Amino acid sequence: MGEFYTKLGPLTALVVLVILVSVLNSAFLNVNNLMNLLQQVSVNALIAFGMQFVILTAGIDLSVGSILALSGAFAAQMILMGMPPLLAFLVGMISGAIFGAFNGLLIAYGKAAPFIVTLATMSVFRGATYVLTNGNPITGPKMNNSLSFQFIGQGYLFGVPFQVYIMIVLYALAYMLLHKTTFGRKTYALGGNEKAAFVAGVNTKRLQILIYTIAGFLAAVAGMILTSQLASAQPDAGTGYEMDAIAAVVLGGTSLAGGKGKMFGTLVGALIIGVLNNGMNLLGISSFYQQIVKGIVILIAVLLDRKQSQN
Amino acid sequence: MGEFYTKLGPLTALVVLVILVSVLNSAFLNVNNLMNLLQQVSVNALIAFGMQFVILTAGIDLSVGSILALSGAFAAQMILMGMPPLLAFLVGMISGAIFGAFNGLLIAYGKAAPFIVTLATMSVFRGATYVLTNGNPITGPKMNNSLSFQFIGQGYLFGVPFQVYIMIVLYALAYMLLHKTTFGRKTYALGGNEKAAFVAGVNTKRLQILIYTIAGFLAAVAGMILTSQLASAQPDAGTGYEMDAIAAVVLGGTSLAGGKGKMFGTLVGALIIGVLNNGMNLLGISSFYQQIVKGIVILIAVLLDRKQSQN
Amino acid sequence: ASVGNNKSDSKVTKKAAKNVKIGVSLSTLSNPFFVNVKKGIDAEAKKNDSKVETFDAQNDSSKQNNQVQDLITKKVDVIIINPVDSDAIVPAVKKANQAGIPVIACDRGSNGGKVMTTVASDNVKAGKMAAQFLEDQLGSNAKVAELEGTPGADAAVQRGKGFNNEIKGNLDLVTKQSANFDRAKGLNTMQNILQAHSDIKGVFAQNDEMALGAVKAIKDQDIKIVSIDGTPDGMAAVKSGQIDAIVAQQPKTEGKLAVEAAYKYYQGKKVDKTIASPIHLVKADDTK
Amino acid sequence: MQIEMKNISKSFGPNKVLRDVDFSIHAGEVHALMGENGAGKSTLMNILTGLLDFDGGHILVDGKETRFKNALDAEHHGIAFIHQEMNNFSEMSVVENMFLNREIKKGFGMLDMKEMKKQAREALKRLGADISVEIPVGSLSVGRQQMVEIAKSLMNKTQVLIMDEPTAALTETEIEKLFDIIRSLKKQNVAIIYISHRMEEIFQISDRLTVMRDGLSVNTYKTEDTDVKQIVHDMVGRDMGDFYPDRNPKFGETYLKAEGLTSNGVFKDVSFEVHSGEVLAFSGLMGAGRTEIMRSIFGIDKLDSGKVWVKGKEVHITSPEHAIQNNIGFVTENRKDEGLILDASLSDNIDLPSIDGFVKKGFIDKKADRDFVDMLMKRLGVKAQSAKDPASSLSGGNQQKVVLAKWVGSGAQILILDEPTRGVDVGAKREIYDLMNELTDRGTAIIMVSSDLDEVLGFSDNIAVVYEGKIQGEIATKDATQDKVMTLATGGQLDE
Ligand SMILES: Nc1ncnc2c1ncn2[C@@H]1O[C@H](COP(=O)(O)OP(=O)(O)OP(=O)(O)O)[C@@H](O)[C@H]1O
Ligand SMILES: Nc1ncnc2c1ncn2[C@@H]1O[C@H](COP(=O)(O)OP(=O)(O)OP(=O)(O)O)[C@@H](O)[C@H]1O
Ligand SMILES: [Mg+2]
Ligand SMILES: [Mg+2]
C-alpha cells in the first residue's frame, strides 16, 4: 500500500481531483485556464524541487520564502540602479544560492537542527528585506518598461507562459540530478542514515551545504519570476510559501524522515495544491471554507501515504 | 559541550541576555516591567510546555495557534450565549483537548507524519474559527462587564498578574508529569526509539494521542488567557505562535529528533524569547531590525546546543 | 473594571513639542499604507525635534498589548495606537489610562478605555465610495467580483461591509475571493475568477496591492477596477490608466494629524474627539 | 513452565520463513536453537513472545493453548527475551533503560528512582559488570550494552529466558560469567532458550538442541548424544571440513604502518604494521579500545597524535572519504548504526562506497552498477529475494554479509574488519574466511578485530593484543595459545 502510493498514489489523487473539479465547473479544462494553472503552480513547484532535496536528507528549509523576497528585492534594486535586467536576475539568483549556502554552513558545521536554523534565518532574511526595501515595494519605470525584464514572468512562447518552460527545464535538471547522478544517490544515503553515509565516504558536510544552496537558488529563481510577473519586488513576497512547498513534497510521497521519495511525486504534489487553489476559486468557495477544504484534502492525500510502519 | 548546554546553556544565555538588556536600559529591571515580562511570556510558555511533550516524541504540532483561536472563539461564543465565564473557559479548554486528540488520532492510527497532519489541521481549525466567528472578533458587554471573565487574563494577585500563577502551576504539573512519572519515561522512550518502545510494551498509540491532547489543552488554556486579556476572541489569534513555541523548546535544549530535553529548559527558552521581545522594545530597536536581531540571537543560542554529532 | 485615576485635560503639564516623547504602536509594517502612516508621524515629529519610538505589532493583538505595556514602561508622553483590532486593544488602552499616558487612536478606534482622540479615515465609507464608482461606471445589475483581504482582518471587514451594503440591489456580485491583501495572490486569484466568470464588468479590490496583481490578470479586457488605499504604486497605476479609480486615503496625513493632536494636547488646547483624515476618489480621467 | 510450539508457520509476503516448525522447552533445561542465518530462529522467538503474528500452528503453555498479545503480555507470564538486535534507548540512562515500562513507583504515580537504581546496580553486579547506571546507554560499547540487556532480563521473576545471540559481542570473561548465571538459573528451574552461532558454547551449556534450516526444524537432539559434525551437517545440509581454512600467507610490502597513535583518554602510543597478504588480528577484552583505534585510523574520530603511513607514504586521514581514497575499507562493528542504511535497498547499500566509480558522462551507469551488485551478492552468498529488498528485511547474519560485500566491492587494499563474523552462521563464517583468504592472496592487507578468541587463533597470521588502550604485546599466531593471549589481554607480560 505504502509502496503503491509512493509510485502511483499522488498521481491518482491528482487525477481524481482534476475530474472532480472539471465535472463541477467545465471552465477548468479550458486551455487558457490550464495555462494559468501551470503558471500559478510554477513558483511553488520550483521551491518544492529544492525542498525535495532538503527533505530527502531529513532536513527542512523554512527560509525559502524569505530568500525569495530578499533575492527578488536585491535584483529589483540592481535594476533600478541601472543594471541590465537579465544580469540583475543572475545576480539575484546567485545571491539566493549564497543565502542557501549560509543555511547549509550553519547546519553542517554548526551541527544545529535545520528546522531551527532556517527558522532563525527566515527571520533574518525577512528583516533584511524590510531594511533593504524600507517596507515599500520596489518598482519603477526601468522595470515597467523593460521587455526583457517582463518576459520572464509575463511572456508567452507558443501560447505557453515562459515561466512554465523554466519550471519544466528545472524539473528535468532536478530529476536527473536526483535520480541519475551520484549526487542524488548520496542525498538519499545521507537521509537514510547519516552515520552510515559518512562512514561510506560521503562528504556529508559538503553535501548538506550544496543541497541548501540548491534550495536557496531555486527559491531565488522563483523570486525572479515573481518580481518580473508583478513588475515589482514586494517586501512580504513569499510569506508562508515554505509551507506550500513542504506540503507539495510530502503530498508527493516523500518522507519527512528522509531517504525516501521521488522528484516526480513532488511535481505532482505541487500540481495537486495548484489544482486545489485554482479549483476552489473557480467553484467560488468562500475563503473561510477554502482553508477547511484545503486542510482536509491534504489530510486525505497524506493518510493514503502512511509511513512504513514499525512492525 | 552539548551535555553541558543541555544542563546549563540555556540558563547562561538567559542570564547574559538579561544582564545585557538591563545594562542598556535600567527600566528593564523595574518590578513593573518584570511583571509585564512574565505576563507576556506566559502565553508562549504554556503552549511550549505542551509542545515539549510533542517534540520529545520526535513529533511536532503546527496547529496549536489555530487551536488557541478556535477554542477561544468557542468559549467566547458560549459566554455571549449566556454561559457563566468560568464554565465557558472549561468548555473551551476541553474543546482544545479534543482538537488535540484529533491530531493524535490521525498521527497514531493514520500513521502520517505529525508535521503534515498538523499543518493540515492548522488550516482546518483556522478555517473553522473564521466560519464560527464569521471573520469578526467576538466581543460584547457580557465579556466586558464580567469580572470573573476578566480576572484570568487581566487580574492581579499580590501584585503579580494572575496568568503568571497559571503558568507556574502548569509548569509544575508538566514538570512532574515529564520527570517524575512513568508517563514521562514513556514519552522519552517513544521519542528515543519508537520500535524499542513498542517492543517494551509501551502502548505507543495511546501515548501519542494523550500527548497531542495535552498540547491541544495547553494551547486552549493560552487561548482562554488571551481571550480574557483582550476581552475579545480574535479569529486570527495565535497565528504563528507555533513557531515561537517550537523556538522556546529548542532554545531550551530539547532535540527536535526526540528523546532528549528538560522541561526547565523550555521555561528558560520561553523566557529568552520574552526578554528578547521586551528588551528590543525597551531599547527601541526598529521593528525591521528586530527580526534580524531575533533571528541572530536564536542562531547564537542554538549553535551552542550542537546536536550530538556523528564523531 | 475601573479606568483608574487618569489626569483630566485641564491639569495637563504643558510641554514644548521637542520634549514630547511619542510612542507609536502600528498594526503592521508589512503593508505600505502603514509604512506611510509611520512616515507621516516621523516627518512631523522630526520637524518639531521630538523623539519617536515605533513598534510593529505584526497584526497580532496580543503582541500589540505587550508593546503598549513596554511603551508605558518607557514612560513616553503620548501613545499613538493604530489598533490591530478595536476590541482587543481596550485592555491596553486602559493600562495606558492607568499610567496617565494619553492615547491617540489612529486609523482604527478603540471600543473602550479613554482615548484622547481618534484620527481615522473611514474604511466603511471608502468601501461605499468604491461601490458607488462601479455603479456610476457600469450601470445597474452589472456583474462584478470582489477581491477580499486577509480573512478577519479589520480593514477587510470594514471595507467589505461598506462595499457590500452599497451594492445590494444595484450590482450583481458574482463572486468574492480572498487574496490576502497580496499582489501575487491578487494575480492568481483574478486569473481564476476570470476563468469562472468571463462576463464580469468590474472588480473591487480591497487594497491597492491586490488591484495591482489583478491588473496583470485582466490585461486589456474591458473591466473596470477600483481599489482602496492610494499607495505610490497604486497612484502610479491610476495615472497610467491600469487601475480605473482608487479611493485614496492619506496615510501620511493621518500620521501627521495624530502627532499634531499630541502637541495640541500638551499646549493645553482642546482636542476634538475625532479627527477625520480625508479620503477622496481618484479617477484615471482626473489624472490626465 | 513447559512450552510447546507445534506446526508453526509464518510468511512475510511471498517469503515463507517458517514451515511447520516444532519446538519445545521445559523447566530447568537449556535448549539451544541453532541454524544458519535466516533459518527463522529470531522469527520463531518473536512469535512465541507475541511480537509477531503467525499464520498457522499452536503454542501450548503448560498444555494450554496460548497466544500472547504483545511482549508485555508474555513478560507478565514470566517470559523474558534478550533480543539479537539491540533494542535500547541510547539517550536514556542505564537504569532508565532497565526499568522502561516496568518502573517502580512510590505514591501518587511518582517514580522511585532510588529503589530502581539499587536494583539495577544489583543486577549488574551479579554479572560482574562494572557499569555506572546513570550514564546514557548509548555511550557504552556494544558489548557493555549487551550486558545491560542481560542484566535487565535477570531482574524479573522469569520462568523462561530467551537469549538471542547474547554473546555475539562479549569476550571470554563475560561469557564465563554469563554461563555461571545460566547454570544457577537452571537450578532455580528456569527454562532457557539459547540461540548462538558459537559451536563450542552450545556444547558447553546446553542440554538439548534443535537445528533449523530454511524455515524447517530439522532435528532435536540431546546435546550429549550428538557432535559438532552432525550439527553442522544439519545446519548447512552437507558435510563441512574444518571451520577455519588454512592460511598460506605470502607477505608483501608494508601496506599500513601506525606509529604512536594517541587519543587522549582512549588509547595511547599504539604502533603496528600490517603487510600485503597478512591477516593481523586485534584481540583484547571488551572496552580495551580496539574499535576506537580503528575508527581513528579511518578518519571517523580525531587522533591527538601519531603518524600513519599507507604503502610507505605518510598520510593525514581526516575523514572516511579520505581513507577510502587511500584504499582503506572499514567494516564497522555496529552494523545497524554505521554499517547499513536499513530502509535502503541492498543494492544501494552495497555500491555506496564505490558509486563514484560508476559514473559515465556524469550519470550513473545503471547496468554496470547492477552487475557489480549482483556479482558481490553472489560472491558473499547474501540470502535475499532481490537486490531491491530493503536491508532491514534480512536476517542479522545476512545483513552482516551485506556490509562485507560493500567493502569488498570498494576494492580496498587495506581492509579493517571490526567483528566481521558477529552473528554469522558457521557455514557463512567459513565463506567469509575463504573470502579473506582470497583477498589476501590478491595482496589485500586485513586487520581483523575480533572478540572471538577461537577465531583469532584459528584464522590470522599475527595477533596484536590490546589492553587498556595500548598494545600489550604482539605474537605470531603460530606461537600463540589461548593462555598467552589472555595473559596479555588482562595486562600481564609474556616471559620469553
Ligand atoms: N520484517 C521482516 N520482513 C520481511 N522478511 C523478514 C522480516 N523479518 C525476517 N524476515 C525474513 O525471515 C527470515 C528469517 O529471519 P530470522 O531473523 O528469523 O533469521 P535467524 O534465523 O534469526 O537468522 P540470524 O542467525 O541471521 O539471526 C529471513 O529470510 C528474513 O529475511
Ligand atoms: N567502565 C566503563 N564504563 C562505561 N563505558 C566504558 C567503560 N570502559 C570503556 N567504556 C566504553 O567502551 C568503549 C571502548 O571500547 P571499544 O569499543 O573501543 O573497545 P573494543 O576493544 O572494541 O571493545 P568491544 O569489543 O566491546 O567493541 C568506549 O566507548 C568507552 O566509552
Ligand atoms: Mg536472528
Ligand atoms: Mg569493538
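Chain letters run A, B, ... following the sequence lines, proteins first and then strands; every chain starts at 1. The basis for the numbers below is simple: all heavy atoms, side chains too, and nothing from hydrogens, waters or symmetry mates. Note that the structure is predicted; figures quoted are calculated from it, not measured.
Listed here is the closest heavy atom pair of C:Asp87 and B:Pro137: OD2-CB, 4.3 Å.
Looking at C:Asn65, only its side chain comes within 4.5 Å of chain B, counting heavy atoms on both sides. Heavy atoms of B:Gln40 lying under 4.5 Å from chain C belong to its backbone as well as its side chain. Interface remark: B:Ile138 contributes no atoms to any contact with chain C (heavy atom separation under 4.5 Å). In this structure, the portion of B:Leu226 lying under 4.5 Å from any heavy atom of chain C is its side chain and not its backbone. Looking at B:Asn32, there are no atoms closer than 4.5 Å to chain C (heavy atoms on both sides), in backbone or side chain.
The 12-atom threshold is not exceeded at OH of B:Tyr289, counting heavy atoms of other residues, nucleotides or ligands nearer than 6.0 Å. By the neighbour-count criterion of 12 heavy atoms within 6.0 Å, atom NZ of C:Lys95 is densely surrounded, having more than that number from other residues, nucleotides or ligands. Counting heavy atoms of neighbouring residues, nucleotides and ligands inside a 6.0 Å radius, atom CZ of B:Phe74 does not exceed 12 of them. The environment of C:Lys21 atom NZ is dense: over 12 non-hydrogen atoms of other residues, nucleotides or ligands sit within 6.0 angstrom. Taking a 6.0 Å sphere around NZ of C:Lys125, one finds it holds 12 or fewer heavy atoms contributed by other residues, nucleotides or ligands.
Among the candidates C:Leu29, C:Ile89, C:Val84, C:Val90, the residue making the largest number of heavy-atom pairs closer than 4.5 Å to chain B is C:Leu29. Comparing B:Asn136, B:Asn25, B:Thr139, B:Thr133 by how many heavy-atom pairs each has under 4.5 Å with chain C, the most go to B:Thr139.
Of the inter-residue distances, the one linking C:Lys74 atom NZ with B:Asn33 atom CG reads 10.5 Å to the nearest 0.5 angstrom. In this structure, CG on B:Leu230 lies 8.0 Å from CG on C:Asp85, to the nearest 0.5 angstrom. Note that CG of B:Asn281 is 10.5 Å distant from CD of C:Gln69, once rounded to the nearest 0.5 Å. With rounding to the nearest 0.5 angstrom, the OG1 atom of C:Thr73 is 7.0 Å from the CG atom of B:Asn278.
You'll find the side chain of B:Asp236 stays beyond 4.5 Å of the side chain of C:Asp60, heavy atoms only.
For a heavy-atom cut-off of 4.5 Å, chain B lies close to C:Glu53, C:Phe55, C:Asp56, C:Gln58, C:Asn59 in residues 47-59 of chain C.
With sequence neighbours excluded, the residues that form a ring pair (Phe, Tyr, Trp, His ring centres under 6.0 Å) with B:Tyr130 are A:Phe288.
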